[in-house]
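First up is the structure itself, then whatever we jot down about it.
Every chain is numbered from 1, with letters handed out A, B, ... down the list of sequences.
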Amino acid sequence: MIDIRLLRENPDYFKEGAKKKGFDVDIDAVLELDAKRRAVQASVDRRKKELQDKSKRMKGPLSDDERRALQSELKSFSRAIKDDEAKLRELEEELKEKLLYIPNPPMDDVPVGSDESDNVELRREGKPPEFDFEPLDHLDLGLKHGLFDIERGVKVAGSRSYYLKGYGLMLENALMRYAIDVLMERGFTPFSTPVIVKEDAMIGSGYFPVGREEAYAIEKDDLYLIGTSEVTLVSYHMGEILNEEDLPLRYAGYTTCFRREAGSYGKDVRGLYRVHQFQKVEQVIICRNDEKEMLKYHNELLSNAEYIIKSLGLHYRVVEVCTGEMGLGQVKKHDIECYMPGRGGFGETHSCSSFRDFQARRARIRYKNSSGKNVYPYTLNNTAVASPRLLIAIIESYQTKDGSIKIPDVLVPYMNGLKKI
RNA sequence: GGAGAGAUGGCUGAGUGGUCGAAAGCGGCGGUCUUGAAAACCGUUGUCCCUCUCGCGAGGGACCGUGGGUUCGAAUCCCACUCUCUCCGCCA
């Protein structure tokens, strides 16, 4: 949610922001609605005061006739105010709904662009694996070692579904547990969270109403499956007033994630790259309302992820995401893409986003600052590890000539000492 | 799933038609006292919106789970919903 006051002061900033991000919204219509709402509110407030003052006379000494006359006068006055109050509520609802669609303008230094091709590669780290044999892709490797079963996944659950089994499951578990340990060491509190949530949590974290199509809905109960634990970690403090001295809050969520992948038919259909259900450890930071701090933590989230990938020995690149590829609320975003030999290129495994106060406003999370004012904190998040996507990069990169898969050193302890599959 | 109880400010908890944004206690903040701290005492302490003002601020409205209703007037009466708790049943 954007700040309506800022919108009033500087509509062009928001118009330009929406344009850069490629969202089509009618800012002027919102401003008009806002002006109307304020006018009606002023009038209602004034007449309510008048009604209250006149109502007080009912208590005083009056003759029966006077009382009856006053009562009927007030009755019609009260009715009229109620009508306008209903109108005011309608306007408020309408305005609130419209505001949910207005994008948070990106930071000024974000590269302007319309799609992936306009993203800017910042750096590459590590080295691509070299093979003196014909490497297999993760599908063949998985089949060979019985790490997963896609065919039966599809039989049971439909397209983009899979079973992980045997060492496939072990490896996923190892990866998750490793990421949690790294983050705990870095001051994050690990969470297992609900994966089925109310609409409020989806709106609060900015995934609804734009993006509604991406979520699985349990209509019977008005509940939704989360696509990331960012939803539940941000909503954790929904409606609360935090203590400034507790900030920044560092949370790590380990959950299953669900995505409908609507609108990506025919895209990445081979293997485990794009699936409806996956495991993820997500990092979330809630910090003070300060852009410098936000950027500092943005880099912290990025470097946590990079540390994990680097220690896994993977080749990757960091990409600054252009305006056209950003979501509604993000003001800055970096993707990390890991090298996947089977794709012959990089595939997105991590996404690091800063929101300023966009999510906090929606989720009504505040804290009292040093001058005693309630302000909205800033929120940020980044993937720590996501499986099976990261599994693809690992098993494809770590395959050896004899057909086995080496376990990355840092995961060996989590595999009970197993060094290769 | 069945039966019952309840939802009030940061927390506990009073309040059953106007003088209630709401007692009291706790907590928080400021002060007195003290070498310092504790204790004690005094004071202070909700959120949102609107209008005016460059600003400090001033004025007004709303908010007692949510939504509706009755009434000149609702925390208080009525209806619906949601949630929480207790007991029973079922269950990983």
Roughly how far apart, to the nearest Å, are [N] and [M] at atom [atom1]?
N: B:G43; M: B:G57; atom1: C1'; result: 22 Å
N: B:G59; M: B:U45; atom1: P; result: 15 Å
N: B:G17; M: B:G69; atom1: C1'; result: 16 Å
N: B:C77; M: B:U71; atom1: C1'; result: 10 Å
N: B:A7; M: B:A75; atom1: P; result: 16 Å
N: B:A23; M: B:U16; atom1: C1'; result: 16 Å
N: B:A3; M: B:G89; atom1: C1'; result: 11 Å
N: B:G61; M: B:G73; atom1: P; result: 16 Å

Rounding to an integer number of Å, can you tell me how far [X] [atom1] sits from [N] [atom2]?
X: A:Glu9; N: B:C54; atom1: CD; atom2: P; result: 14 Å
X: A:Leu33; N: B:C50; atom1: CG; atom2: P; result: 13 Å
X: A:Glu199; N: B:C81; atom1: CD; atom2: C1'; result: 16 Å
X: A:Lys368; N: B:G10; atom1: NZ; atom2: P; result: 9 Å
X: A:Asn374; N: B:G10; atom1: CG; atom2: P; result: 10 Å
X: A:Arg366; N: B:U47; atom1: CZ; atom2: C1'; result: 6 Å
X: A:Lys373; N: B:G55; atom1: NZ; atom2: P; result: 12 Å
X: A:Lys96; N: B:C48; atom1: NZ; atom2: C1'; result: 12 Å

[X]-[Y] side chain donor-acceptor pair, cut-off 3.5 Å:
X: A:Glu282; Y: A:Ser229; answer: no
X: A:Gln359; Y: A:Tyr378; answer: no
X: A:Ser354; Y: A:Tyr297; answer: no

Test salt bridge (charged side-chain N to carboxylate O under 4.0 Å, His left out) applied to A:Lys19 and A:Asp24, step by step: CA-CA 7 Å; A:Lys19 199 174 155 195; A:Asp24 183 26; over 6 Å; no

Can [X] be said to sit on top of [Y]'s aromatic six-ring, NZ or CZ under 6.0 Å from centre and within 45° of the ring axis?
X: A:Arg343; Y: A:Tyr273; answer: yes
X: A:Arg212; Y: A:Phe208; answer: yes
X: A:Arg389; Y: A:Phe278; answer: no
X: A:Lys280; Y: A:Tyr254; answer: no

Test of ring centre spacing under 6.0 Å for A:His334 and A:His298: yes

Donor-acceptor under 3.5 Å (A:Gln283 side chain, A:Asn381 main chain): no

Check: A:Asp12 side chain, A:Lys15 main-chain N or O, donor-acceptor pair, under 3.5 Å: no

Exceeds 12 heavy-atom contacts within 6.0 angstrom, atom OH of A:Tyr414: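 Result for OH/A:Tyr414: enclosed.
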
Please state whether the phosphate of [N], meaning OP1 or OP2, lies under 4.0 angstrom from any side-chain nitrogen or oxygen of [X].
X: A:Arg5; N: B:C48; answer: no
X: A:Arg89; N: B:G68; answer: yes
X: A:Arg38; N: B:U51; answer: yes

Residues which pass salt bridge (Lys or Arg N to Asp or Glu O under 4.0 Å) with A:Glu94, listed by chain and number, not counting sequence neighbours: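 Applying salt bridge (Lys or Arg N to Asp or Glu O under 4.0 Å) to A:Glu94 gives A:Lys98.
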
Nucleotides 73-80 of chain B: protein proximity per nucleotide (B base, S sugar-phosphate only, - neither; heavy atom, under 4.0 Å): S-------

Pair A:Tyr207-A:Tyr224, ring-ring contact (aromatic ring centres under 6.0 Å, His included): steps then yes or no: CA-CA 11 Å; A:Tyr207 282 90; A:Tyr224 302 86; over 10 Å; no

Pairing string, 5' to 3', for RNA chain B - Watson-Crick or wobble contacts under 3.5 Å, brackets [ ] where pairs cross, | to another strand: ((((((((.[[[..)..(.....]]]((((((.......))))))(((((((....))))))).[[[[[..)....]]]]])))))))....

Which residue lies more 5' along RNA chain B, comparing A:Leu70 with A:Arg8 via nearest heavy atoms: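 With A:Leu70 and A:Arg8 compared, the 5'-side residue is A:Arg8.
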
Please write out the pairs of protein N or O atoms and N or O atoms of nucleotides 59-63 of chain B separated by less than 3.5 Å, giving the distance to one decimal.
unit_1: B:G60; atom_1: N2; unit_2: A:Asp45; atom_2: OD2; d: 3.1
unit_1: B:G61; atom_1: OP1; unit_2: A:Gln52; atom_2: OE1; d: 3.1
unit_1: B:G61; atom_1: O2'; unit_2: A:Asp45; atom_2: OD1; d: 2.8
unit_1: B:A62; atom_1: OP1; unit_2: A:Gln52; atom_2: NE2; d: 3.1
unit_1: B:A62; atom_1: OP2; unit_2: A:Gln52; atom_2: NE2; d: 3.4

Listed pairs, N/O of protein and of nucleotides 90-92 of chain B, under 3.5 Å:
none

Sugar-phosphate, base or nothing in reach of A:Arg47, heavy atoms under 4.0 Å: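 Counting heavy atoms under 4.0 Å across all strands, no contact is made by A:Arg47.
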
Sugar-phosphate only, base, or nothing, as touched by A:Arg68 at under 4.0 Å among non-hydrogen atoms: nothing

Member of A:His276, A:Arg260, A:Arg259 meeting the side-chain hydrogen bond (donor to acceptor under 3.5 Å, both in side chains) criterion with A:Tyr216: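 Of the listed options, the one satisfying the test is A:His276.
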
Pairs meeting criterion ring-ring contact (aromatic ring centres under 6.0 Å, His included) with involvement of residues 227-251 of chain A, two or more places apart: A:Phe191-A:Tyr236, A:Phe191-A:Tyr251, A:Tyr236-A:Tyr251, A:His237-A:Tyr251

